[in-house]
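Let me begin by presenting the structure, written as structure tokens, before commenting on it.
In this text, all values refer to a predicted model and were calculated from it rather than measured experimentally. Reminder, nothing fancy here: chain letters follow the sequence lines and each chain counts from 1.
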There are 2 protein chains.
Amino acid sequence: MNQTLSESKELLFNKAKDFCEDKGVRFTPLRAKVYQILLQEDASIGAYDILDKLKLIEDSAKPPTVYRALDFFLELGLVHKVESTNTFKACHHFGCSHPVQFLICDTCGDVKEISSEGVKETLERQALQSNFKIMTQTIEAHGICNQCQGTGIS
Amino acid sequence: MNQTLSESKELLFNKAKDFCEDKGVRFTPLRAKVYQILLQEDASIGAYDILDKLKLIEDSAKPPTVYRALDFFLELGLVHKVESTNTFKACHHFGCSHPVQFLICDTCGDVKEISSEGVKETLERQALQSNFKIMTQTIEAHGICNQCQGTGIS
DNA sequence: TGGTATTATTTTAAAATATACCAACACGCA
DNA sequence: TGCGTGTTGGTATATTTTAAAATAATACCA
């Protein structure tokens, strides 16, 4: 099947499929296609970019096609939304509950997901000072990734 | 002039005006009106809600009118954008350089801006482990504010 | 295997958010 | 006064997201 995916991503694809089946929700062919498109990206990707790619293999695809699939995955935690760019990214370690933070390179577009308990807890502690009870966190850093910083020393 | 603003907000309004004049940029009547609308809100407010309010006193207002004013204030740091809701909020302590985090109450809509160096630095430290150089941070917590949590004990 | 309930998909449409572009005007300065 | 820059006006359009209704597919149970 997923010949366009690297081996590690194919593993993730199968893990996602199993995850859905375990939960009793359906990993349909359409959802599979959307998920595969998401997996192909190291950057995060916009809904309409997904749509363009999807249309190549699924002529009937329309905006709601993509958004419904995205909603499905977002709900399950298999995909995250990057709020500051209105884009989406497959999560590489779903299943386990974990905090989410993104490092977004404004030079190459790459989006790295990190998962720091410390960051999450620091914000929680801070919120507690206002007696604010946090349900969800959106934490996104924009900047320059390792690759895009020259490695020269002087 | 600003009869609809409380005293503290009128102070802020004047501070913003002075801030612009000091910087040599123009705090025009149109911008003043948009800023006033922003100040009136404790919640954050969407661009089109601003537009609706602006139209009441400025018939010619169109979407670009609002976005231009918003861009102006965003650039100066007088207004922040809440990325997770596509809304905007006047900053209550511009001028001094400070980190920005938002506590967004999903019950009443209130948006509280906090400014924790600790949160900022914790994320920075975390990013450094990936050798990622942060330029800007988007940190937004959704949850329930103090007011909206019952105060009952049992 | 057939019936039924549920869930997914298709399709059309539109709402909500944001920008591009060009012309006209106004203000600050030479 | 005239020039240049910045601001506003106005039209149009792009982008992102959701609504709603009809149809189709699937799971599940008897």
> In chain order, what residues pass the side chain to side chain donor-acceptor pair (under 3.5 Å) check against B:His142, with sequence neighbours excluded?
Replying inline: B:Ser84, B:Asp106

> Which residues pass the side chain to side chain donor-acceptor pair (under 3.5 Å) test with B:Ser44, sequence neighbours left out?
Replying inline: B:Thr87

> Any donor-acceptor pair under 3.5 Å between the side chain of B:Arg68 and the base of D:dG6?
Replying inline: no

Tabulate below the donor-acceptor pairs under 3.5 Å that side-chain atoms of residues 20-33 of chain A make, not counting sequence neighbours, or state none.
from	atom 1	to	atom 2	distance (Å)
A:Thr28	OG1	A:Arg31	N	3.3
A:Arg31	NH1	A:Arg26	O	2.7
A:Lys33	NZ	A:Glu58	OE1	2.6

Mind calculating the distance between [atom1] ([X]) and [atom2] ([N]) to the nearest angstrom?
X       : N      : atom1 : atom2 : result
A:Leu30 : C:dT9  : CG    : P     : 5 Å
A:Arg31 : C:dT9  : CZ    : C1'   : 10 Å
A:Leu51 : D:dT16 : CG    : C1'   : 12 Å
B:Leu54 : D:dG10 : CG    : P     : 13 Å
A:Lys62 : C:dT9  : NZ    : C1'   : 11 Å
A:Ile50 : D:dT17 : CD1   : C1'   : 13 Å
A:Phe72 : C:dT7  : CZ    : P     : 12 Å
A:Glu83 : D:dT16 : CD    : P     : 14 Å

> After noting the C-alpha distance and the side-chain angles of A:Thr138 and B:Glu83, does the key distance pass the side chain to side chain contact (heavy atoms under 4.5 Å, CB included) rule?
Replying inline: CA-CA 9 Å; A:Thr138 299; B:Glu83 297 287 352; 6.0 Å; no

> So do the side chains of B:Ser115 and B:His93 get within less than 4.5 Å of each other, counting heavy atoms only?
Replying inline: yes

> Is any side-chain N of the basic residue among A:Asp110 and A:Lys89 closer than 4.0 Å to the acidic one's carboxylate O?
Replying inline: no

Detail all sub-3.5 Å separations between protein N/O atoms and N/O atoms belonging to nucleotides 14-19 of chain C.
from	atom 1	to	atom 2	distance (Å)
C:dA18	OP1	B:Lys81	NZ	2.6
C:dA18	OP1	B:Asn86	OD1	3.4
C:dA18	OP2	B:Tyr67	OH	2.9
C:dA18	O5'	B:Tyr67	OH	3.4
C:dA18	N7	B:Tyr48	OH	2.8
C:dA18	N6	B:Tyr48	OH	3.1

> For the residue pair B:Phe13 and B:Tyr35, does the interplanar ring angle fall in the parallel (under 30°), tilted (30 to 60°) or perpendicular (over 60°) class?
Replying inline: tilted

Can you give the donor-acceptor pairs under 3.5 Å from side chains of residues 63-79 of chain B to other protein atoms, not counting sequence neighbours?
from	atom 1	to	atom 2	distance (Å)
B:Thr65	OG1	B:Lys62	N	2.8
B:Thr65	OG1	B:Lys62	O	3.0

> Looking at DNA chain C, which of residues 21-29 of chain A put a heavy atom within less than 4.0 Å of it?
Replying inline: A:Arg26, A:Thr28

>> Against the six-membered ring of A:Phe94, is A:Lys15 placed for a cation-pi contact (under 6.0 Å from the centre, within 45° of the normal)?
In response: yes

